[in-house]
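Just so it is clear, the structure is predicted and the values come from calculations on it, not from any experiment. Proteins get letters first, then strands, A, B, ... in listed order; numbering begins at 1 in each.
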Amino acid sequence: MSGQAKKKIVKEIKVDVEKCIGCRACEVACSGFHASPKYSSFNPARSRIRVVLDLPSDVYVPLRAGEYTAAECTGRQTFRINGKNYSECSFCPASCPSRDLFKEPDSGLPLKCDMCEDEKIPMCVQVCRPGALTYEEREEERDDEPTPGEVEIGLQALLHRHGAQKVKDTFARLSQGE
Amino acid sequence: MRYAETGFDLEVDLTRGNIERVATAPELTALHLGGEGAAAKELWDRVPPEVDPFSPRNLLIFSAGLLHGTPVPGANRTCVSTISPQTNLYVTSGFTGFFGPELKHAGYDRIIIRGKSPSPVYLHIRNDKVELRDATHLVGKSALETSALIKDEMKEAKLQVAAIGLAGENRVCQATIDHANTSASRGVGVVMGDKGLKAIAVRGTKDINVARPAELFERCNAMYQEIYDNPRCGDAFLSEADDSWQVKNIAAAGGALGGVKGFWTKELQDEWTVRVESEHMHFQWENYSQQMEEVHETVVDESKRLRGTGCFNCTKNCHEAVYLPGQRQYFLKSYSKLAYATAAYADLKINYDVLFGMQEYGLDESATLQAVSFALELRQAGILTDAELPDFPADGPGRCGYLLEKIATRQGIGDALADGVHLAAARIGKGAEAFDRSVKKIEQLPLNEEQLDYPHFLMYATGAKMGITQIEGSFPQFPIADKQQRAAFVAAWDAAPERFKIWFLEWEPGAQLPVEAAVDIADWNEAMHSADDAIGICPLLSSFRGQFGGRPPYHLHNLPAFITLATGLELDAEGLLEIAKRNRLLVRAINARRGVTRGDEQAPAGLYGKGEPETEQRLLDAYYAFRGWNGDGVPSAETLDGLGLRYVREDLAQRGILK
């Protein structure tokens, strides 16, 4: 199979920031969908989509929770688009230490959008009638070449630097205690 | 577990700085639902008539609605209830936005404020952590700026802030409490200012549970679409081109000011815009020479409508964000065009600049413009002269700006005007009283009608909210001439009980509704507002919006299901009306205890052509009887007992009000 092109479905939520009215219905629906049992409780603080709002500057950006990151960015950028100021955090989906977006309010554990797995269309898109959020699925062709995992990359580097014997010995010694 | 509500009130004593989280009795929810109803109960129990509105013992209550925090779309109107210094009577007003739901997520159904702070403070709530913080650095700031400064200070962009501006601090009776894109009017800001409370900032991250999750959400999901698609809900006035009725029938308090300028047109819309032109000069190389040339350019900075914004969990975009020259931005409040109609006179031309001024000071657009037009009328009549209005500008917007500043700062003539038109007239004297068209000392929507309209009269005269726009809305204001169209309207009119359909079918243009219909209509209209305020639904989706088209997204026949599914409380249309009746009786009793009598229940001067005092009295008799009140307008013992308000009956009897 290696090297062969493979088709993959990419789920995409398109955001039109001009159409957002800042009502946060997406947050309500998301938090309800992920409650257990489903829709039994509501809490925008648990939502995996947040509208980054700055009313006095007319900034409305619905933002979907992405990956967790342990460290915050080294610096910051700001963007000026059509006369409005946005920070890069306005567009960044990460659950990161620099802000309390996308963290469970009780445990602080990161939240991540799962595109509402068993729903055809994610709930945030379903309730967004003004059309700021729309959903699309498209096929992408991907090379199916196996990508090396983190451990593989790390080990390769160690082997290259220290040689097989030393790595083997160290591994044996360290794993004794386990 | 309690569904939809948190079961806790936050009690704040500003005098001692004491803060308590108090559990509430679940039985009260079945009796009053919550929101304004629960607040009226607190005010009845804890603020006897001896308490002056400016006393520390007066309460200021911020109530989230019963359905706030649930997924029910458009459940976001927070009620602010207190005893008004302007009228010495019960007042409740509300703002939409995001505050109520956030308060519920912080773990409280209501904030009950008593006492007075010796220095300006603001209340900061983050779930269980609640503190009073110094606000001296916020004094004089507008509500929007206050909100931004508090968010900065607390490093929390997601705080929801309700604040007063300069007007509230100066105890101006037209002061609003502003939150995000909306504000509460009818003088609740003055009590907040009197208590030394500049703002309340709340952030909540707790869950709100609902009783029947899947069924409730299914209904809600459909409701998002219904609200979005329904052209007859929201602030339809904002986008409607034809305002002919409003402009024709809503007179500024000064009908003598020169008459209506015209209907709302494209040209008037343009006139509303604000332009600032400035000259810019720069140098550039002249063509084909080695000379520098001066280039002059005119740069236009113009007001722009940026976008319609929504309130929490509602797909309607009623609140227009407006850009003004000089990097200023604000939200056109819902029904700003009503302010336009009120002011459609040559002498009182308002534009975005004037509306922005009111927002900056924290002044109510309706009451303030009436005070402004009252002052202009007095000037025209020679009662106010250059002595009282020194350096008075010549142009309309300039005059508005001048008077706004005087009122907000209580300087000069502004000090009298800031007491509201009724008290100002008494203070100014010299015949100014003749220009006062208040009812129960509070300004009324200045309608000019050709003849006495029965339901209109009853709503003006008896309304618990003391403003017809806060009461009207379920029954159409006008008949439909075409019989077929009328029948079609009635066929699709799910919101109405059967008897209203019959009355509407028989209602011919120009004809008066029967008295029995008029009293029932006035009652139904008010009851629906009362229900909305208990559960926290925005009236623009419900009680206010049945009158045009008869298809409000929420109405008497679908609201009970939403309440039942969210709370677990079994409720039908009859049950909802009964609770609304109980809550309204409490308000009536509070006001009766504070001295409202039949004699106070009048139409505003100049409401309709020739006065018909006998008909008015006949209408009042019929309405009192319908509501189960005695001839003095006090709820009878049977009525009170029948709704479980025996304690009210006993109190009224003890005070000799109920004989």
Within a 6.0 Å radius of atom NZ on A/K38, are there more than 12 heavy atoms belonging to other residues, nucleotides or ligands? yes
- [ ] Flag the pair A/R46 / B/D207 as yes when at least one side-chain heavy-atom distance between them is below 4.5 Å, and no otherwise.
- [x] yes
The interface call for B/K316 against chain A, heavy-atom contacts under 4.5 Å, is backbone
All heavy atoms of A/F42 vs all of B/V210, minimum pair found to be CE1-CG2, 3.9 Å
Does atom CZ (A/R76) have a neighbourhood of more than 12 heavy atoms from anything else shown, all under 6.0 Å? yes
Please say whether more than 12 non-hydrogen atoms of neighbouring residues, nucleotides or ligands are located less than 6.0 Å from CD in A/E140.
-> yes
Bottom line for B/K155: the part with an atom under 4.5 Å from chain A's heavy atoms is neither
Can you check whether B/Y224 reaches A/V28 side chain to side chain, under 4.5 Å on heavy atoms? yes
Rounded to the nearest 0.5 angstrom, the CZ-CE distance for A/R129 and B/M223 is 11.5 Å
| Would you say B/N317's side chain and A/I21's backbone share a donor-acceptor pair under 3.5 angstrom? | no
One option among B/A214, B/C220, B/P71, B/G97 has the most heavy-atom pairs under 4.5 Å with chain A, and it is B/P71
Okay, A/R99 and chain B: the region with an atom under 4.5 Å from a heavy atom over there is neither
Do A/S40 and B/N209 have side chains that approach each other closer than 4.5 Å (heavy atoms only, starting at C-beta)? no
Cut-off 4.5 Å, heavy atoms of chain A, and the answer for B/E145 is neither
On a heavy-atom basis, the closest approach of A/D58 and B/A321 is OD1-CB, 4.4 Å
If one checks every heavy atom of B/Q225 against chain A at 4.5 Å, the contacting part turns out to be both
### Query
Should we say atom CZ of A/F91 is surrounded by more than 12 heavy atoms from elsewhere, each under 6.0 Å from it?
yes
Greatest number of non-hydrogen atom pairs under 4.5 angstrom with chain B, of A/S31, A/G83, A/P56, falls to A/P56
Scanning both residues in full, the closest heavy-atom pair of B/F217 with A/A29 reads CZ-CB, 3.9 Å
When every non-hydrogen atom of A/A45 is compared with those of B/R203, the smallest separation belongs to CB-NH2, 4.0 Å
Answer key: most heavy-atom pairs under 4.5 Å with chain B among A/D54, A/V52, A/D106, A/L55 is A/L55
**Message:** Looking at B/R2, I'd like to know if its CZ atom is crowded, meaning that more than 12 non-hydrogen atoms belonging to other residues, nucleotides or ligands lie closer than 6.0 Å.
**Reply:** yes
Worksheet entry | Heavy-atom side-chain proximity of B/K158 to A/L53 below 4.5 angstrom | no
inquiry  = So for atom CD, which belongs to A/E119, do other residues, nucleotides or ligands contribute more than 12 heavy atoms lying within a distance under 6.0 Å?
reply    = yes
The interface call for B/Y3 against chain A, heavy-atom contacts under 4.5 Å, is neither
The interface call for B/A211 against chain A, heavy-atom contacts under 4.5 Å, is neither
Rounded to the nearest 0.5 angstrom, the CG-OG1 distance for A/D100 and B/T205 is 9.0 Å
Of the listed B/I227, B/I208, B/D229, B/L216, the one with the largest count of heavy-atom pairs under 4.5 Å with chain A is B/I208
- Message: Heavy-atom count check: over 12 atoms from other residues, nucleotides or ligands less than 6.0 Å from B/K151 NZ?
- Response: yes
*Beyond-backbone contact of B/H105 with A/P44, side-chain heavy atoms, under 4.5 angstrom*: yes
Tell me whether the count of non-hydrogen atoms from other residues, nucleotides or ligands lying under 6.0 Å of CD in A/E88 goes above 12. yes
Residues B/N221 and A/M123: closest non-hydrogen pair is ND2-CE, 3.8 Å
Applying a strict 4.5 Å limit to non-hydrogen atoms, the region of A/S57 in contact with chain B is backbone
Note: A/C20 and B/R307 closest approach over all heavy atoms is O-NH1, 2.7 Å
So, the part of A/P130 with a heavy atom under 4.5 Å from chain B: the answer is both
